[in-house]
Amino acid sequence: MTRAIALRAPAKLNLALAIVGERPDGYHELRSVFATIDLADDVRVATHRRLEVRNSIAMADDVAARAVRVIARACGRDPTAFVRIRKRIPIAAGMGGGSSDAAAVLRALAILWRVDVDLVALAAEVGSDVPFFASGARVALVLGRGEIVEPLPTPAEPLHVVVVRPTMRLSTAEVFAAHRAEDGGALAHVDAIADAFVRGRMTPDLLRTHAENDLLAAAARKCEAIASWRAAAAARGVPLALTGSGPTLFSVADDRADALRIARILRRAGLRARAHAVAL
Ligand code: C5P
């Protein structure tokens, strides 16, 4: 009998991201506050005779198939499943779309196969951003390569942002490789944001002040459009921060009405901007 599970796979923003150092394995040591937003892919997973992944957008790196293989190996099962992904989250954009889909596959197969496994630990084998999504946290301090996830209290009221969608993709590996030691500075900002969530004192002003990302300079070196989008927005009084390795940018709004106002301003400047809620 075929059984199926349908899940929402949300996008994330890195509200702040610090590169703490380089690791012997070539990865970078991170310290970042991750938060989900109200933009999601739909992922449906069903039992099947073989492994088949159907994605509404062709993906070069099939991280969803990797997720099936990783959990199957851990459970001593055949890596078979039917996965259907309806993409809404832009690809290779710094919003963790592929990683979120992969985490949804892990969660769905754990339910379908009735196995009790440490999904966060398995997720780290699939990709660096996958443990956050597998944890189910809406906001978290993420450390190490991405495998250490410390959930943070969700704010009583959602925060509002405007997300500027890129018109191009950017390779995460290339941006990390372009990072230089002198690109630092975000560490104290990450801790200020994490601390505000812990104390239940997060405000739009505080978030705006501390939305710093150590990968911004590297991403801007790889993608010239980032500097021109930020300049166009700044000329209209809107500061834009980077999420992940980019090129997606975001601006913190005071409330939903302010987010709609900022999105209109940015669209008039030619940017693909849309209002979203954080930690939903
Ligand atoms: O783990 P994942 O495959 O998503 O990472 C993609 C690339 O990003 C890695 O090959 C690596 O170059 C870089 N990366 C890194 N440090 C991290 C996460 C990713 O250098 N913590």
Side-chain angles (χ1 to χ4, degrees), residues 9-36 41 43 53 55 57 59-71 73 85 87 89-106 119-135 137 140-150 166 168-187 189-190 194 212-223 226 242-248:
K12 57 88 174 163
L13 293 179
N14 295 90
L15 301 181
L17 186 154
I19 304 282
V20 184
E22 270 189 56
R23 299 158 51 110
D25 61 7
Y27 280 81
H28 292 74
E29 196 77 17
L30 302 181
R31 191 170 179 87
S32 177
V33 175
F34 281 56
T36 56
D41 293 340
V43 178
V53 179
N55 201 318
I57 298 181
M59 304 271 284
D61 172 24
D62 200 345
V63 72
R66 193 152 75 232
V68 176
R69 291 194 197 97
V70 165
I71 188 170
R73 195 181 336 110
I85 300 169
K87 296 273 339 152
I89 307 169
I91 290 169
M95 301 176 86
S99 301
S100 189
D101 299 341
V105 168
L106 293 177
L119 286 184
V120 175
L122 284 185
E125 293 181 39
V126 182
S128 302
D129 280 349
V130 187
F132 165 69
F133 293 109
S135 77
L141 180 63
V142 176
L143 311 169
R145 203 193 100 204
E147 76 281 15
I148 304 167
V149 181
E150 298 179 0
M168 71 282 285
R169 299 175 188 180
L170 198 50
S171 151
T172 304
E174 282 184 29
V175 173
F176 271 101
H179 175 264
R180 299 175 189 153
E182 66 266 26
D183 291 343
L187 191 55
H189 296 288
V190 172
E212 292 285 333
N213 184 331
D214 283 343
L215 288 175
L216 175 61
R221 283 195 280 274
K222 289 277 146 200
C223 173
I226 288 177
L242 184 81
T243 175
S245 55
T248 301

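Nothing fancy with the numbering, it's 1 onward along the sequence. Order of listing sets the numbers, starting from 1, for every ligand and every atom in it. All values below come from the heavy atoms of this structure, side chains included, with hydrogens, waters and symmetry mates left out.
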Validation: residues 94-104 side-chain donor-acceptor distances under 3.5 Å, sequence neighbours left out:
residue : atom : partner : partner atom : Å
Ser100  : OG   : Pro10   : O            : 2.7
Asp101  : OD2  : Lys87   : NZ           : 2.8

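Across Val105 and Ala64, no two heavy atoms sit closer than the pair CG1-O, 4.0 Å.
The residue among Ala124, Ser128, Gly96 with a heavy atom at the shortest distance from atom 1 (O) of ligand 1 is Ser128. Looking at Ala177, Ala173, Gly144 and measuring to atom 10 (O) of ligand 1, the nearest heavy atom belongs to Ala173.
Shown in contact with Thr172 at under 4.0 Å from a heavy atom are these atoms of ligand 1, numbered in order with element: 8 (O). Close approach of ligand 1 to Leu30 is summarised as follows: ligand atoms under 4.0 Å from at least one heavy atom of the residue are 21 (N). Short contacts between ligand 1 and His28, defined as distances under 4.0 Å to a heavy atom of the residue, involve ligand atoms 15 (C), 16 (N), 17 (C), 20 (O), 21 (N).
Taking any N or O of Arg145, backbone or side chain, at least one lies under 3.5 Å from an N or O belonging to ligand 1. Annotation: Arg66 places no N or O atom under 3.5 Å from an N or O atom of ligand 1; distance criterion only.
One N or O on the side chain of Asp214 and one on the backbone of Gly185 form a donor-acceptor pair closer than 3.5 Å. Checking side-chain atoms of Thr36 against main-chain N and O of Lys12 turns up no donor-acceptor pair under 3.5 Å.
Under 4.0 Å from ligand 1, heavy atoms of Tyr27 appear from its side chain as well as its backbone.
With a 4.5 Å cut-off on side-chain heavy atoms, Leu187 and Val20 count as touching.
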Residues Leu119, Ile71; criterion side chain to side chain contact (heavy atoms under 4.5 Å, CB included); working and verdict: CA-CA 8 Å; Leu119 286 184; Ile71 188 170; 4.2 Å; yes
